[in-house]
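Indexing begins at 1, ligand by ligand and atom by atom, following the structure's order. Each residue takes its place number in the sequence, starting with 1.
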Amino acid sequence: MKIINNIDVLKSELGARKSIALVPTMGNIHEGHLSLVRYAKNYADTVVCTIFVNQLQFNEKADFFTYPRTIDNDLKKLEINKTDIAFVPPEELMYPCEQEFFIEVPEYISKSLEGQFRGPFFSRVATIVLKFFLLIRPDIAVFGKKDFQQAFMIKKLCLQFPMQCTILLGETIRDLDGLALSSRNSHLGVSERAKANQMYKILVNMKEEIFQNKEQEYFNLKFLNQLEDTGRDKLNKEGWECEYIKIINKDFFREPICPKTEWRQLIVLAAARLGNTRLIDNVEIIESNIQ
Ligand code: PAF
């Protein structure tokens with residue numbers, strides 16, 4: 001594996017490659033990232049994994065400063081999993097001067113769900129991802145389904161700018177008890193970790209309710225809203241601070257207009273705080289890849 005932190009070397013390395021798959025990360029590599037690397041390898045002869053903690057996308061300073069940085073371990077894991085290039089740019093390479101231009105993300109994405117709680121997060125992610133696309137020119141880029149809203153936005157971005165890049169989504173990888181792997185799990189205390197799978201269990205329960213009731217007369221938006229309320233109450237009663245639990249049509253990123261005909265496209269998304277740690281997760285009613 002080549003470890004590169006400079007544009008000239010990156011360009012000359014990539015010049016000779018046939019097809020390139022990109023896996024962008026902020027480091028603290030875990031099995032979730034590695035599964036994306038292995039997935040990417042099926043679609044291109046060269047897998048480039050980027051590690052860059054993008055300060056501009058953090059809404060809370062503390063979250064940025066405490067974000068786990070484990071570069072030596074990260075590189076070892078990437079190498080074992082056959083990453084071809086680890087691109088680890090210094091801050092001044094990605095932001096050579098104060099960033100004044102940002103991608104404007106449509107409000108139905110940027111102001112809903114995650115967007116309500118994370119300030120300009122989506123615009124900042126779109127901007128850094130675009131920079132990586134311009135530098136690396138990947139044929140394929142792989143994002144995790146755990147960050148569903150981010151993946152949805154990037155897919156739209158790629159459709160509306162001529163990136164010539166296919167976006168693939170990798171499955172969420174979970175611990176044995178169901179907790180989705182995330183760098184932020186390392187912030188959980190022992191007792192918090194013990195109950196951290198509750199959110200996933202509630203989402204799975206909502207999925208089952210949808211599946212079992214999808215043919216009933218009463219399967220409408222009101223029914224779905226009641227499921228959301230029940231899910232939120234359950235989480236809060238367990239001591240979480242729920243930010244949202246929402247059932248949406250994942251193809252259009254909006255509430256279903258006709259749940260009876262749209263049930264296959266539904267996804268349940270949630271974000272909640274457990275102590276000082278903010279966790280997000282989602283469950284699709286029917287698993288699918290978005291290409
Ligand atoms: O999902 C992440 O780790 C980040 O948002 C990304 C896509 C690497 C952009 O900084």
Side-chain angles (χ1 to χ4, degrees), residues 5 10 20-37 39-40 47-61 63-71 73-75 77-78 83 85-95 99 102-103 105 109-110 113-115 117-136 138 140-158 161 163 165-173 180-187 269 271 277-282 290:
N5 47 28
L10 179 73
I20 299 169
L22 167 67
V23 182
T25 81
M26 297 205 297
N28 193 237
I29 299 295
H30 50 64
E31 198 42 45
H33 301 110
L34 296 174
S35 74
L36 302 183
V37 167
Y39 186 35
V47 175
V48 181
C49 181
T50 61
I51 298 181
F52 181 69
V53 186
N54 179 34
Q55 177 161 11
L56 291 189
Q57 77 186 61
F58 285 78
N59 205 24
E60 293 167 23
K61 274 210 169 97
D63 192 22
F64 171 70
F65 287 118
T66 59
Y67 195 84
R69 289 157 174 89
T70 48
I71 186 74
N73 259 328
D74 291 354
L75 294 173
K77 290 179 187 169
L78 290 178
T83 307
I85 295 177
F87 181 49
V88 190
E91 179 77 21
E92 61 275 15
L93 194 157
M94 299 314 291
Y95 295 110
Q99 187 72 25
F102 294 98
I103 293 282
V105 178
I109 303 174
S110 70
L113 305 185
E114 286 298 288
F117 297 92
R118 296 178 79 175
F121 174 79
F122 288 106
S123 159
R124 304 297 165 88
V125 170
T127 305
I128 192 73
V129 168
L130 183 61
K131 287 186 186 226
F132 280 124
F133 280 11
L134 290 171
L135 284 173
I136 295 165
I140 304 280
V142 187
F143 292 84
K145 276 191 188 177
K146 186 179 144 294
D147 297 300
F148 176 82
Q149 191 169 355
Q150 167 177 283
F152 180 88
M153 170 194 72
I154 289 164
K155 190 187 153 233
K156 286 273 170 192
L157 183 73
C158 271
F161 288 92
M163 307 273 207
C165 176
T166 304
I167 303 298
L168 295 178
L169 302 193
E171 294 302 327
T172 301
I173 305 297
L181 296 194
S182 159
S183 304
R184 290 182 178 87
N185 292 355
S186 59
H187 296 321
L269 303 123
T277 310
R278 184 175 189 277
L279 299 177
I280 66 172
D281 203 349
N282 65 73
I290 307 183

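- With no hydrogens or angles considered, no side-chain donor-acceptor pair links Asn54 and Tyr67 at under 3.5 Å.
- Protein heavy atom in closest approach to atom 2 (C) of ligand 1: Gln150 NE2, 3.8 Å.
- The shortest side-chain heavy-atom distance between Ile128 and Leu56 does not fall under the 4.5 Å cut-off.
- Atom 3 (O) of ligand 1 has as its closest protein heavy atom Met26 CG, 3.6 Å.
- Annotation for ligand 1: atoms under 4.0 Å from non-hydrogen atoms of Pro24 are 8 (C).
- For ligand 1, the polar-atom distance check against Gln57 finds a nitrogen or oxygen pair separated by under 3.5 Å.
- Polar contact with ligand 1: absent for Asn54 (N/O pair, distance under 3.5 Å).
- Side-chain contact check for Phe148 versus Ile280: every heavy-atom pair is 4.5 Å or farther apart.
- Atoms of ligand 1 found under 4.0 Å from any heavy atom of Ile128 (numbered from 1 in listed order, with element): 9 (C), 10 (O).
- Between Phe52 and Phe132, the angle of the ring planes goes over 60°, which puts this pair in the perpendicular group of the 30/60° scheme.
- Under 4.0 Å from ligand 1, not a single heavy atom of Thr50 appears.
- Side-chain atoms of Arg278 and Arg118, non-hydrogen and from C-beta on, do get closer than 4.5 Å to each other.
- Residues Lys155 and Phe143 form no side-chain contact, since every pair of their non-hydrogen atoms from C-beta on lies 4.5 Å or further apart.
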